[in-house]
Amino acid sequence: IMVAAVFTCSVILVFLSSVKASTCPTRVFNSVFVLVGEPLIIDCLLDKTPHMNYNLTWYKSGRKMLVTQVKHSRIHQHENMLWFVPATLEDSGSYECVIWNLTSCNKIYFNITVFKNTAGLCFNGNYLYPQEVPASSSVKIVCPYLDFFRDEKNTSLVHWYKECNLTKNERFTSRNDDLIITNANVNDSGNYLCKMTYKYMGKEYNISRNINVTVIETPPNKRTEILYPRNNTIEVELGSNVIVDCNVSSAKDISVGISWRVNNTLVNYSFMGRVQEGNQIDSFPDGYLFSTVTLNITEVKQEDYGRHFVCFAGEVAAYIALRQPVQNFQGYLIGGLLASVFVTVVAILIYKFFKIDIVLWYRKSCHPFMSKEDGKIYDAYVLYPKISSVDSISTADNFVLKMLPEVLERKCGYNLFILGRDDLPGKAVINVVDETIKQSRRLIIVLAPESSSCGLLDNISEQQLAMYNALIQDGIKVILIELDKIKDYTNMPESIKYIKQKHGAIRWKGDFTEKSYSTNTKFWKNVRYRMPPRHLTSSELHLLPAS
Ligand SMILES: *[C@@H]1O[C@H](CO)[C@@H](O)[C@H](O)[C@H]1NC(C)=O
Ligand SMILES: *[C@@H]1O[C@H](CO)[C@@H](O)[C@H](O)[C@H]1NC(C)=O
Ligand SMILES: *[C@@H]1O[C@H](CO)[C@@H](O)[C@H](O)[C@H]1NC(C)=O
Ligand SMILES: *[C@@H]1O[C@H](CO)[C@@H](O)[C@H](O)[C@H]1NC(C)=O
Ligand SMILES: *[C@@H]1O[C@H](CO)[C@@H](O)[C@H](O)[C@H]1NC(C)=O
Ligand SMILES: *[C@@H]1O[C@H](CO)[C@@H](O)[C@H](O)[C@H]1NC(C)=O
Ligand SMILES: *[C@@H]1O[C@H](CO)[C@@H](O)[C@H](O)[C@H]1NC(C)=O
Ligand SMILES: *[C@@H]1O[C@H](CO)[C@@H](O)[C@H](O)[C@H]1NC(C)=O
Ligand SMILES: *[C@@H]1O[C@H](CO)[C@@H](O)[C@H](O)[C@H]1NC(C)=O
Ligand SMILES: *[C@@H]1O[C@H](CO)[C@@H](O)[C@H](O)[C@H]1NC(C)=O
Ligand SMILES: *[C@@H]1O[C@H](CO)[C@@H](O)[C@H](O)[C@H]1NC(C)=O
Ligand SMILES: *[C@@H]1O[C@H](CO)[C@@H](O)[C@H](O)[C@H]1NC(C)=O
């Protein structure tokens with residue numbers, strides 16, 4: 001039983017110890033470097049908390065060699081620290097320190113590099129301590145990891161070098177382990193070397209640290225500035241969703257309130273949610289504050305065009321306005337011009353070809369309203385050649401006495417005065433002509449080919465005189481009707497030539513068919529066109545509805 005108990009006990013102990021060993025957590029500390037020939041001291045207790053009742057042991061890793069505690073050794077453990085006095089190139093490698101207490105263990109790895117300076121330089125670019133400082137009136141550069149040597153008291157003052165030259169500038173002052181630079185600027189960036197001597201066991205060693213100093217220019221106190229909008233106008237479609245940034249830059253330490261307003265009222269209050277501002281987003285690029293607040297117009301309405309959406313940032317403000325896009329303005333302009341030219345040409349052509357129909361139609365539809373009383377009795381005075389011929393009635397007679405009255409009087413309702421038909425017998429012709437022409441609105445002159453040869457109206461030359469008077473004194477319009485083509489006007493009186501040249505003549509084709517009595521033939525339309533708008537008789541006026 002005893003044997004069994006002892007065996008069991010020892011198994012438990014072995015088990016316990018194996019558990020202990022395997023649960024020892026490990027940390028790695030990599031960045032330890034030292035210039036060859038200089039002393040190095042490493043403290044295992046990185047976390048400076050007071051430890052009670054523990055064992056601490058340094059090993060060289062790999063072969064797991066225990067570091068000696070003999071003080072005269074070049075590498076030795078002194079209290080909790082590992083000493084190299086001095087370090088040699090072969091010392092590079094990893095070292096571990098194991099801390100035991102009653103309940104747990106800790107293991108820390110140190111990867112130590114012993115380096116040589118680059119030939120001709122006082123440093124090696126791979127082993128520099130970086131330090132960033134702001135450009136200001138007074139900056140401090142620290143010579144790092146000197147504490148353990150300081151504790152030993154046998155150290156010299158620290159000397160500072162820049163780019164391997166001793167600093168002699170009055171702006172550089174050494175104070176304890178620090179270098180103070182007054183009015184530091186970007187040009188003070190560079191490679192710094194701090195160096196002191198350390199006496200150990202009667203021997204003097206150098207201790208140096210290379211520092212890569214970067215002086216960061218901080219921008220001067222920035223004024224608040226709105227980068228966007230810039231009182232500009234943008235094109236947006238009606239009904240679209242528009243997002244506009246208000247981008248503001250300001251000094252880091254100024255907290256500007258940014259808001260979007262219309263008519264000095266916050267957009268969030270004045271648009272019932274249709275227009276909203278987003279949250280302020282801040283960032284700090286290059287030492288200043290950059291803020292963005294968006295304006296979100298969910299749906300652009302007509303009344304938004306021309307409105308000033310103003311972004312306020314502290315003391316400054318800038319607006320953006322919306323404009324409706326004008327697509328292809330030039331195209332529209334040219335198109336519009338072409339269209340109006342086309343319409344004009346078409347209108348002119350229509351008027352040219354349908355002038356007579358238009359006027360006639362217009363008279364027909366509006367005549368009751370446009371006719372005004374002028375005190376005249378006849379619509380036209382008809383003048384025609386009375387050719388005293390032996391053979392039956394001439395074409396002219398037929399036309400004037402039958403056709404004209406049939407069409408113009410009976411069908412169109414005009415009132416004509418035809419000499420020889422309407423004059424009272426016995427009255428002096430010259431008087432009749434003079435009076436009736438004054439009471440007529442038009443003078444119709446009928447020309448027959450046979451009249452040219454024997455002279456127009458030879459037999460009634462008084463009428464010619466009257467016609468002159470009418471033309472010149474009363475300004476009556478004359479309608480010239482040719483009953484057939486008249487080739488030669490040379491024998492015609494000057495007045496006829498003048499009328500023919502000024503107003504032209506209407507030629508009648510000379511047929512008396514049924515169709516030619518229609519008011520809608522080209523000939524009669526032409527005549528009606530030149531006739532005055534028909535005047536209503538007083539009996540007709542009665543029948544009109546009261547307007
Ligand atoms: C042992 O060390 C660990 C961590 O280092 C600590 O938490 C614990 O309290 C220590 N135990 C004793 C008895 O000191
Ligand atoms: C530390 O080591 C000593 C001797 O090596 C030993 O007597 C002691 O018990 C150890 N202490 C702990 C806490 O491991
Ligand atoms: C130690 O550092 C060197 C270079 O600095 C690297 O090559 C090596 O892997 C490191 N060793 C460990 C154990 O981290
Ligand atoms: C610094 O030293 C270099 C040589 O290492 C020399 O060329 C240079 O002129 C020196 N600069 C100053 C400011 O002394
Ligand atoms: C840094 O040096 C350059 C060149 O010598 C000079 O032009 C510049 O003004 C200097 N900057 C400052 C802040 O002194
Ligand atoms: C400092 O150095 C001197 C002479 O080398 C030596 O006597 C003294 O003990 C040293 N002091 C310390 C604290 O090591
Ligand atoms: C210490 O550095 C100086 C140059 O700054 C050099 O002359 C001296 O030999 C160095 N001392 C040792 C022990 O390397
Ligand atoms: C020094 O630091 C600056 C900024 O961090 C870097 O650009 C530069 O390369 C460093 N110089 C060296 C020699 O490492
Ligand atoms: C405003 O700033 C943001 C963030 O930098 C950027 O994406 C946006 O283009 C800027 N807007 C304008 C209109 O410049
Ligand atoms: C702006 O406010 C004024 C009075 O405060 C008002 O008369 C005007 O109509 C408003 N304009 C718009 C666009 O709302
Ligand atoms: C703009 O507002 C509408 C409605 O509130 C919302 O749905 C949309 O996500 C907003 N857009 C942005 C970019 O904030
Ligand atoms: C833009 O307009 C605001 C008023 O809305 C004015 O205060 C500001 O000076 C203007 N900015 C520019 C660049 O015209």
Open item on the list: Any side-chain to backbone donor/acceptor pair from Asn212 onto Gln131? Under 3.5 Å, distance only.
Closed with: no
TODO: Give, for atom NZ of Lys60 and atom CG of Leu66, the distance between the pair rounded to the nearest 0.5 Å.
DONE: 14.0 Å
Task: Heavy-atom pair of closest approach, residues Arg209 and Pro144 - done: NE-O, 2.7 Å
Open item on the list: Any side-chain to backbone donor/acceptor pair from Asn185 onto Asn187? Under 3.5 Å, distance only.
Closed with: yes
- [ ] Please name the pair of heavy atoms, one in Ile320 and one in Pro229, separated by the smallest distance, quoted to 0.1 Å.
- [x] CB-CB, 3.9 Å
Open item on the list: Take a 6.0 Å sphere around CZ of Phe284 and say whether it holds more than 12 heavy atoms from other residues, nucleotides or ligands.
Closed with: yes
TODO: Spell out, as yes or no, whether a donor-acceptor pair under 3.5 Å connects the side chain of Glu90 to the backbone of Ser92.
DONE: no
Task: Pair Glu132-Thr214, side-chain donor/acceptor within less than 3.5 Å - done: no
- [ ] For Trp58 and Asn80, indicate whether the former's side chain and the latter's backbone hold a donor-acceptor pair under 3.5 Å.
- [x] yes
- [ ] Flag the pair Asp304 and Arg274 as a salt bridge only when some basic side-chain nitrogen lies within less than 4.0 angstrom of an acidic carboxylate oxygen.
- [x] yes
Task: From CH2 (Trp160) to CE (Met196), nearest 0.5 Å - done: 11.5 Å
Open item on the list: Tell me which one of Phe84, Tyr129, Phe123 satisfies ring-ring contact (aromatic ring centres under 6.0 Å, His included) with Phe33.
Closed with: Tyr129
Open item on the list: Contact between Val32 and Tyr95 at the side-chain level, heavy atoms closer than 4.5 Å - yes or no?
Closed with: no
TODO: Inspect the surroundings of CD in Gln501 and state if more than 12 heavy atoms from other residues, nucleotides or ligands are less than 6.0 Å away.
DONE: no
Open item on the list: Counting only heavy atoms not in Glu315 (residues, nucleotides, ligands), do more than 12 fall under 6.0 Å from its CD?
Closed with: no
Open item on the list: Using side-chain heavy atoms (C-beta onward) and a distance below 4.5 Å, is Leu40 in contact with Tyr145?
Closed with: no
- [ ] Would you indicate whether the side-chain heavy atoms of Asn126 and Phe115 approach each other to under 4.5 Å?
- [x] no
Task: Non-hydrogen atoms of Leu82 and Ile112 that approach each other most closely - done: CD2-CD1, 4.4 Å
Open item on the list: If you define the side chain from C-beta out and look only at heavy atoms, does anything of Phe271 sit under 4.5 Å from Ile297?
Closed with: no
Open item on the list: Tell me if the centroids of the rings in Tyr200 and Trp83 come within less than 6.0 Å of each other.
Closed with: yes
Open item on the list: With a sphere of 6.0 Å drawn around CZ of Phe290, does it hold more than 12 non-hydrogen atoms of other residues, nucleotides or ligands?
Closed with: yes
TODO: Would you indicate whether the side-chain heavy atoms of Leu179 and Cys143 approach each other to under 4.5 Å?
DONE: no
Task: Donor-acceptor contact present, side-chain Asn176 to main-chain Asp178, <3.5 Å - done: no
- [ ] For Glu38 and Tyr205, indicate whether the former's side chain and the latter's backbone hold a donor-acceptor pair under 3.5 Å.
- [x] no
Task: Check: Arg230 side chain, Ala318 main-chain N or O, donor-acceptor pair, under 3.5 Å - done: no
TODO: Using modelled atom types only, decide if a donor and an acceptor are shared between the side chain of Asn210 and the backbone of Gly125 within a distance under 3.5 Å.
DONE: no
Task: Shortest non-hydrogen separation from Ser94 to Tyr109 and the atoms involved - done: OG-CD2, 4.3 Å
Open item on the list: Does the plane of the ring in His78 sit parallel, tilted or perpendicular to the ring in His76? Use 30° and 60° as the thresholds.
Closed with: perpendicular
Open item on the list: Tell me the closest heavy-atom pair linking Thr113 and Tyr127, and the distance in Å.
Closed with: CG2-OH, 3.4 Å
Open item on the list: Within the structure provided, determine whether His159 and Ser174 are in side-chain contact (heavy-atom separation under 4.5 Å).
Closed with: no
Open item on the list: Any side-chain to backbone donor/acceptor pair from Ser518 onto Asn520? Under 3.5 Å, distance only.
Closed with: yes
- [ ] Of all the heavy-atom pairs spanning Asp188 and Arg171, show the shortest one and how long it is.
- [x] OD1-NH2, 2.9 Å
Task: Residue list, side-chain hydrogen bond (donor to acceptor under 3.5 Å, both in side chains) with Arg261, at least two apart or on another chain - done: Ser259
Open item on the list: Checking side-chain polar atoms at under 3.5 Å, does Thr292 have a donor or acceptor matched by the opposite partner on Asn247?
Closed with: yes
- [ ] Supply the atom-to-atom distance Arg223 CZ to Tyr288 OH, rounded to the nearest 0.5 angstrom.
- [x] 15.5 Å
Task: Residue pair Ile234 / Asn232, side-chain heavy-atom distance below 4.5 Å - done: yes
Task: Donor-acceptor under 3.5 Å (Gln77 side chain, Leu56 main chain) - done: yes
Would you mind writing out the side-chain donor-acceptor pairs for residues 346-359 within the sub-3.5 Å range, not counting sequence neighbours?
residue : atom : partner : partner atom : Å
Asp357  : OD2  : Lys525  : NZ           : 2.5

